[in-house]
Amino acid sequence: MVIEEAQRSYNPLIIEKRAQEFWESRKTYQMSQKNREDGPRFSFLDGPPYCSGRIHLGTAWNKIIKDTYLRYKTMAGFNVRRQAGWDTHGLPIEHKVEGLLGLKSKKEIETKIGIENFIKKCQEFAIENQAVMTQQFKLLGVWMDWDQPYVTFDPKYMESCWWTLKRAHEKDLLVQDLRVITWCPRCETALAMAEIDYENKEDPSIYVKFPLSVSEPELSGNTSVLVWTTTPWTLPANMAICVHPDYDYAYVRDGEETYLLAEALVDSIFGEKDYEILKVVKGSQLEGLEYQHPLTQEIPVQNDFKHKILPGEHVTLTEGTGCVHTAPGHGPDDFEIGKAYGIPIFCPVDEAGLFKQEAGKYQGQFVKEADPYIIADLEIHGRLFKEGIIQHRYGFCWRCKTPIIYLATEQWFLKITQIKDQLLSELDKVEWVPSWAGESRFRNWIENARDWTISRQRYWGIPIPIWTCSDCGEMTVVGSLEELAHLSHEKLEGDVLHRPYVDQVNIPCQCGGQMQRTPDVLDVWIDSGVAGWAALYYPQEQELFEQWYPYDFITEGHDQTRGWFYSQLGCGVIALDSVPYRKVLMHGFTLDEEGKKMSKSLGNVVEPDEVVAKYGADVLRFYLLWANKPWEDLKFNWEEIKNINKMFNILWNVYVFASTYMGLDDFQPKRYNPEDVKLRDEDRWITSRVQSVSQEVTEAIEALHLHRAARSLQDFILEDLSRWYVRLIRGRTWIEKDDPDKLGAYQTLYLTLKQVVTLMAPIAPHLCEDIYQHLIRCLETDLPESVHLLDWEVDETLVDHDLEADMDVVRHIIEACARARDTARYKLRWPVQEIVIVSEDQKVLEAAQNLESVLLEQANTKKITPSQEFQDLKIIATPNMKTLGPRLRKDVPKVAAKLAEIDGKKLIDKMEADGVFMIDLDGSTVELGPGDVTMETELPDNVTNSEFPGGNVFVDTQITPEILSEAMSRELVRRIQDMRKDLDLEVEAHIQVSVDCSAEFYNLVKPFLDFISHEVRATELLFQAPDGDYTKDWKIEDHELIVGIKQLE
RNA sequence: GGGCCCGUGGCUCAGGCGGUAGAGCGCACGGCUGAUAACCGUGAGGUCCUGGGUUCGAAUCCCAGCGGGCCCA
């Protein structure tokens, strides 16, 4: 087979479509898995994306990191498990479905369409999105097991989750308790900490007077405790006021009234008012003082309670009054205080956030909407001290964005606080990249972890497998469907695990009553937390679990510290006493160009599909891995995307270059014997380089420093391969026939490109596949049919560090030559007679000698002379006026004249030998000491120099007749080439050239006629009036000529 | 309020066991011309976020502050 002609320029859309169709038709992914069936296992667990819509850039980045790493692992010989996962349950989907169906509350769900239909819709919605997102991931070239993913609504998956809860129960870690928890009044459910977003919010800020029941006689008039709150709606539930026992509290007289508040905050509240501090006491002295609720008229129930001042360690002096309004039904701290002092947990708010009957006048009002009414009532009773507005951080339901409220409710908890030590010790067994992700960040989270509220009063989720008897209170946790069938004596078939079906299954209780299921569903973080074994259907099935658990690797964004990293650790310790993962890469977030979070409301969202449509998936993949360290946030930047695209274009150009010439010459890598091929230093150099880069890339990917791998490849492709190697071998590709020298270049370039596409295949799978197919495999048909089936190999024996170092030096020298020519305005096309390389570093001189052929050609010189010094440097001694002026006076000019004639080098030698130098001056002798002359150096005419790291180059730019002759010939060649290009001739086309020029010009180029003919593929080179298809006038220096060319058949 | 990370030319980022600041892009100028809707060279451009400290010497180490991101309260 022969090389196929390459597309002119890099067209990712065609290439990627072609590659994906190829993989699809050849089932390449499946082959790559099968290929490694017997390799060592490497287990990976996909953090399941949530199926609520299209993927965004962050999701794309996440999967691209996974895909690159796993493709590499597969090529490196591992049997990699890479099942895709999908997170499908929970409020986000319920919320979207509610929107689609126009439902506004739980009541509407149950009465308007019913739970059964609602669940069905949720499932359909999840399945649709799963399909869309799968397609998007595939478009990015992500290889996973898309056909057999784990899905959290799969009944078998759900059973594993039930089993986990049963384990928690067996360990006594599953408890029901009345606690104050964060609550979404719109979704009417408990929320876990992980389900709350914090944003800025405007709220009322009011100071309320709570009158003390008994006024002390010495404080004339009424005394009120001053309390600050931003949630007036919690005032109806006020049961106590807390003060810090150690702080000082002041009685402050302001006009007719007296107020009690922390002394430290008096100034911030009374400020410029004309107030008087009557007395200061410790907080502890205030304990037990009784006060009156300010809204007893509106809320008669409040008359039945006694209200006291209580001590509270949680009270701070950062804001407010140091006297904290305490409503045990609406705050976690308040709740603890209430329990400690036996105060009733009064909570006059229902699950929808509406005031209940106990709230008296406010009954039926939504809490937040009652704020102004409550404020107004306080005002009427003269209980409002001050009113304002405050901007502060407040929690919102992560999905419906409703401000959360705190409610005292009965919920189910996992007692995380009880297993915290075990969580921490398991954490120590995990390897984190970067290390601080685990050692600092995650550890900090776990140290602060509280018990985990796992019950949700919703529909689309894994039902809590807890059955309780309403008669005797007996409770049982069911661990599987089979167990439920057994206990209920019912035949259970199909998906009976979801609501509402499972709600109808009752279990006969020993007491003779019926056990009914707790109607709650589970927090979705439990769903994904159990993925480690649920994806393997453990414990229902054992074999996969034994093979693949625990997982060698997971990677997710840093938001998953509180999410999946945590839920897996918690569930893992509960179910299996171990953390399910061994190594974690915590990656960053994608931000917009200004470093702001991408969000729909800001309109700065970049869709991955948009980038793919413009530049292709490979460019996006390479960019995302290249742009920064994986664990840092990534500022998306279109300019950089273009930059990467440019690099791909250059790689493509190298490939086009290779395929063009190799195709013309019908190059066959397997046809030649070693003796047919002549390798030059530059061939050995690029071979060494590509293996060095292979080492770097391997180390970088292994360390998950994917940016280093990408940057190393980029640097190699641009600097070494394109800018240097291709430049060095260009001359050799122009040689006719099967010249060993040309074959050496072909073979080296071929093997280098082969290694590059292998190395780059995990990052840019499509492009590498395309080049592999059309340059490599079409010539080596016995190779595996896809680049992704190759073995990852590095041949360290080909690495020659000395050669690489030498080439570095030589590149610097050649650049210096170019600079020197540039300053002398001496064209690179014109050869020079000699270049002297001067360095005190022996290694530099050796490098110049070792790679002399490269230097001669690239510096376009006839001769290279390495030297420790530049012999032709003129040294000129000039008189030092400071010393000689006073001494010699008017003889100074004569001395100066003499010095100018003398060879400076001899003067130095003499002075070094004798310590003095004598000058004859009209009979008299002048004695010059070392301080009397200063030395200057001067370059000879026609020499320019330039520095490079390690030395200097001296370029002889003198134009001899021979040089001029060659220069003119090259100038003529360039012009004829230009005309060939104007005609868009095929590279190998032969032409006839006729040149009309002066006799002088003809004589100049005469010695180079063969050279010219060869360079421009002229079968005939005639010096006569042009008679061609195409003629053009040219001026070369002072020579005017007319050139005509004609294509020959 | 707490934890973690980040803050280097106009832009994106290297460097970071302390020793005269680097690259790419962009800009300006010059060059090259069968890889050519490319490529090469040169130049301008930096209080290395701010302020303290340690040190002969700090972009680098320490402390405080400011700004950004994530997580928590």
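Predicted model only: the values in this text are computed from it and were never measured. Reminder, nothing fancy here: chain letters follow the sequence lines and each chain counts from 1. The analysis underlying the following values was restricted to heavy atoms, covering all of them including side chains, and did not include hydrogens, waters or symmetry mates.
The aromatic rings of A:F648 and A:Y10 lie tilted to each other, with the angle between the two planes from 30° to 60°. Ring-plane geometry between A:Y566 and A:W445 is classed as perpendicular, the angle between the planes exceeding 60 degrees on a 0 to 90 degree scale with a lower cut at 30.
Put simply, CG on A:N643 is 11 Å from C1' on B:G26, counting in whole angstrom units. Rounded to whole Å, atom C1' of B:C72 lies 15 Å from atom CD of A:Q560. Taking atom CH2 of residue A:W626 and atom C1' of nucleotide B:A14, one finds them 11 Å apart after rounding to whole Å. Here B:U36 presents its C1' atom at 13 Å from CD of A:Q977, a figure rounded to the nearest Å. Rounded to whole Å, the distance from CG on A:N628 to C1' on B:G68 is 14 Å. In this entry the distance linking CZ of A:F565 with P of B:C70 reads 16 Å, nearest Å. Distance A:W638 CH2 to B:C13 P: 16 Å, rounded to the nearest Å. Between the P atom of B:G68 and the CG atom of A:L634 lies a distance of 20 Å, rounded to the nearest Å.
Among the atoms of the strands shown, only primed sugar atoms or phosphate atoms (P, OP1, OP2) are found under 4.0 Å from some heavy atom of A:Y661. If you check every strand for non-hydrogen atoms under 4.0 Å, A:K827 touches sugar and phosphate atoms only. Here A:R980 lies in heavy-atom contact (under 4.0 Å) with a base. The residue A:E632 sits close only to the backbone: its heavy atoms come under 4.0 Å of sugar-phosphate atoms, none of a base. Using a 4.0 Å heavy-atom distance criterion, A:S440 is classed as a sugar-phosphate-only contact. Using a 4.0 Å heavy-atom cutoff across all strands shown, A:L985 reaches at least one base atom of the nucleic acid. Heavy atoms of A:R730 sit under 4.0 angstrom from at least one base atom.
The base-pairing partner of B:U12, taking Watson-Crick or G-U wobble contacts with both distances under 3.5 Å, is B:A23. Of all nucleotides present, only B:C63 satisfies the Watson-Crick or G-U wobble test against B:G51, with each distance under 3.5 Å. Taking a pair to require two hydrogen-bonding distances under 3.5 Å in either a Watson-Crick or a G-U wobble arrangement, B:G46 remains unpaired. Across all strands shown, nothing is found opposite B:A73 as a Watson-Crick or G-U wobble partner with both distances under 3.5 Å. B:C29 is paired with B:G41 under the criterion used here, namely a Watson-Crick or G-U wobble arrangement in which both key atom distances are under 3.5 Å.
A gap of 15 Å separates the P atoms of B:C62 and B:G3, to the nearest Å. Distance noted for atom P between B:C49 and B:U55: 23 Å (whole Å). Rounded to the nearest Å, the gap between the C1' atom of B:G46 and that of B:G9 is 5 Å. Taking atom C1' in both B:A59 and B:U20, one finds a spacing of 13 Å when rounded to whole Å. Distance check on atom P: B:A38 versus B:C25 gives 13 Å, rounded to whole Å. Using atom P as the reference point in both B:G2 and B:G57, the two lie 33 Å apart (nearest Å). If you take atom C1' in B:C4 and the same atom in B:C39, they sit 45 Å apart, rounded to whole Å. Taking atom P on both B:A58 and B:G68, the two are 30 Å apart, rounded to the nearest angstrom.
Residue A:K635 places none of its side-chain N or O atoms closer than 4.0 Å to OP1 or OP2 of B:C11. Between A:R819 and B:G41 there is no side-chain polar atom (N or O) within less than 4.0 angstrom of OP1 or OP2. Contact between the side-chain N/O atoms of A:R821 and the OP1/OP2 oxygens of B:G31 is not found at any separation under 4.0 Å. The phosphate of B:C71 (OP1 or OP2) has no side-chain N or O of A:R441 nearer than 4.0 angstrom. Side-chain N/O atoms of A:K981 include none lying less than 4.0 angstrom from OP1 or OP2 on B:G34.
Closest to the side chain of A:F657, out of B:A14, B:A35, B:C72, is B:A35. Nearest nucleotide to the A:H558 side chain, out of B:U42, B:C11, B:G69: B:G69. You'll find that the side chain of A:E639 is closest to B:C25, out of B:C25, B:A38, B:G15. The side chain of A:E640 approaches B:C11 more closely than any other nucleotide in the set B:U33, B:C11, B:G69. Residue A:N637 places its side chain closer to B:U12 than to any other of B:C32, B:U12, B:C72.
The heavy-atom pair separating A:G529 from A:S567 by the smallest distance is CA-OG, 3.4 Å. Annotation for A:V180 and A:P332: closest pair CG1-N, 3.7 Å, computed over non-hydrogen atoms.
Aromatic rings of A:F636 and A:Y623 (six-membered ring for Trp) have centroids within the 6.0 Å cut-off, being under it.
Crowding of A:Y406 atom OH: a count of heavy atoms from other residues, nucleotides or ligands under 6.0 Å not exceeding 12.
Place A:N444 and A:S722 on RNA chain B by their nearest nucleotides, and A:N444 ends up nearer the 5' end. Nearer the 5' end of RNA chain B, as judged by each residue's closest nucleotide, is the contact made by A:A627, out of A:A627 and A:V726.
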Task: Trace of the ring pair (Phe, Tyr, Trp, His ring centres under 6.0 Å) decision for A:Y655 with A:W652 - done: CA-CA 5 Å; A:Y655 157 59; A:W652 187 261; 4.8 Å; yes
TODO: Mind running ring pair (Phe, Tyr, Trp, His ring centres under 6.0 Å) on A:H56 and A:W61 for me, showing each step along the way?
DONE: CA-CA 9 Å; A:H56 56 264; A:W61 188 20; over 10 Å; no
